[in-house]
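Keep in mind it's a predicted model, so treat the numbers as computed, not measured. Sequence lines set the chain letters: A, B, ... in the order given, protein chains first and strands last, and positions in each chain run from 1.
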2 protein chains.
Amino acid sequence: MVTAAAKAKSRKARQMDRAALERVADVFRVFSEPTRLAIIQSLKGGARNVNELVEELGTSQANISKQLRLLYDARILNREKQGNQVFYSIDEDIVFPLCELVCVKLNREARERAPYDFSI
Amino acid sequence: MVTAAAKAKSRKARQMDRAALERVADVFRVFSEPTRLAIIQSLKGGARNVNELVEELGTSQANISKQLRLLYDARILNREKQGNQVFYSIDEDIVFPLCELVCVKLNREARERAPYDFSI
DNA sequence: CTATTGCATAGCTGTATGACCATATACAAT
DNA sequence: ATTGTATATGGTCATACAGCTATGCAATAG
């Protein structure tokens, strides 16, 4: 007899383990905060230094720096020091298709309900 | 004179506002927990009822139900009641390309460092 | 009817983290 | 060297939320 648990186990063989799923989750988590998305949105227009981002995004410099570090550690952003300043830019080609997929989903749903136009 | 703030403002004109960014962040957040990814991974093999998922994923039934509700509310999953049971299935075509983009990124990075094979 | 099974929900706890303030560090200008 | 400017970091607070236990509720079985 083939139990449900056995079926589950055989399925499991082809699957990522918990640790791998956590790595995937970590990547999604980086994109799961509006401030970080705002940074990405801004950097779509090209490299910016920290102060430019602070002015544009209207939150504290400390917070911007923190989120930039997170994005940098996740290998989403590139970092380049120029004298006194640090310029960040997008260094990961998955960023745009990833955001576009989500925006397309939201636009499709919004078309029946809300006036937003989602597109980073 | 064109100030940095003015430049920032004109960039802002073409951009999503905070509320829209939060909607985008919400979608990413749904994908940012390993248990929910495990559910998605399991449902890739077809519809499952709650008990099957509980057996397969090794967490409490209450927790599975909670995460299923989250995924359903985010319009990621489809829900179908059959008598006593409730079957869930993937109801969102962005799920696989979204996961694949992230897995490709991680595999590329892992190729130089870790032994995982990321693919939901 | 009552019992059982399958799922959902409420309440709780611990942990993670976004945002703030203050401060530290690094480089530049004088 | 001193002062100023740009960025990073440590500490704190408040909030969000995954997972747990207990319970509620719906559908079937007996």
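For B:Y88, a side-chain nitrogen or oxygen approaches OP1 or OP2 of C:dA8 to under 4.0 Å. At the phosphate of D:dG19, neither OP1 nor OP2 sits under 4.0 Å from any side-chain N or O atom of B:S60. At C:dA8, one or more side-chain N or O atoms of B:R79 fall inside 4.0 Å of OP1 or OP2 (strictly under the cut-off). For B:R69 and C:dA8, the shortest distance from a side-chain N or O to OP1 or OP2 is not below 4.0 Å.
Closest contact between the side chain of A:N84 and the listed nucleotides C:dA22, D:dC20, D:dA6 involves D:dA6. Of the candidate nucleotides C:dA19, C:dC21, D:dA18, C:dC21 has the atom nearest to the side chain of A:A62. Of the candidates C:dG18, D:dA8, C:dA8, the closest approach to any side-chain atom of B:V50 belongs to C:dA8. Taking every side-chain heavy atom of A:K66 into account, C:dG18 is the closest of D:dA8, C:dG18, C:dC7. For B:T59, the listed nucleotide lying nearest its side chain is D:dG19; candidates were C:dG18, D:dG19, C:dA8. The side chain of A:S65 lies closest to D:dT7, out of D:dA18, D:dT7, D:dC20. Set against C:dA19, D:dA18, D:dT7, the side chain of A:T35 has C:dA19 as its closest nucleotide. Of the listed nucleotides (D:dT7, C:dC27, C:dG18), C:dC27 has the atom at the smallest distance from the side chain of A:K81. Considering only the side chain of B:R18, C:dA19 comes nearest among C:dA19, D:dG19, C:dC7.
Panel note: side chain B:R29, backbone A:S32; a donor-acceptor pair is recorded below 3.5 Å.
Look at A:R48 and A:E55 and you find no salt bridge, because none of the NZ, NE, NH1 or NH2 atoms lies under 4.0 Å from a carboxylate O.
Residue contacts for A:L70: at a heavy-atom cut-off of 4.0 Å it reaches the sugar-phosphate backbone alone, with no base atom in range. Using a 4.0 Å heavy-atom cutoff across all strands shown, A:F87 reaches no nucleic acid atom at all. B:N51 comes within contact range of the sugar-phosphate backbone alone, with a heavy-atom separation under 4.0 Å but no base atom that close. At a threshold of 4.0 angstrom between heavy atoms, the contacts of A:Q61 include nucleobase atoms, whether or not backbone atoms are also involved.
If you take CD of B:Q67 and C1' of D:dC17, they are 9 Å apart, rounded to a whole angstrom. Look at CD on B:E33: it is 12 Å from C1' on C:dT17, rounded to the nearest Å. The nearest whole Å value for the distance from the CG atom in B:N49 to the C1' atom in C:dT5 is 12 Å. Atom CG in B:L57 sits roughly 14 Å away from atom C1' in D:dA18 (whole-Å rounding). Distance CZ (A:R29) to P (C:dT15): 16 Å, rounded to an integer number of Å. The separation between B:Q85 atom CD and D:dA29 atom P is 11 Å, rounded to whole Å. One interatomic measurement links the two molecules: CD1 of A:I64 to P of C:dC21, which rounds to 14 Å at whole-angstrom precision. When rounded to the nearest whole Å, the span between CG of B:L68 and C1' of C:dG6 equals 13 Å.
Nucleotides of DNA chain C nearest to A:G83 and A:P34 differ in position, and the one nearer the 5' end is that of A:P34.
Smallest separation of non-hydrogen atoms from A:V54 and A:T59: CG1-O, 3.6 Å.
Atoms CD1 and CD1, on B:I39 and B:I64 in that order, are 4.5 Å from each other to the nearest 0.5 Å.
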Could you walk me through whether A:N63 and A:Q67 pass the side chain to side chain donor-acceptor pair (under 3.5 Å) test, one step at a time? CA-CA 6 Å; A:N63 193 29; A:Q67 306 309 331; 3.1 Å; yes

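The number of heavy atoms from other shown groups lying within 6.0 Å of OH (B:Y72) does not exceed 12.
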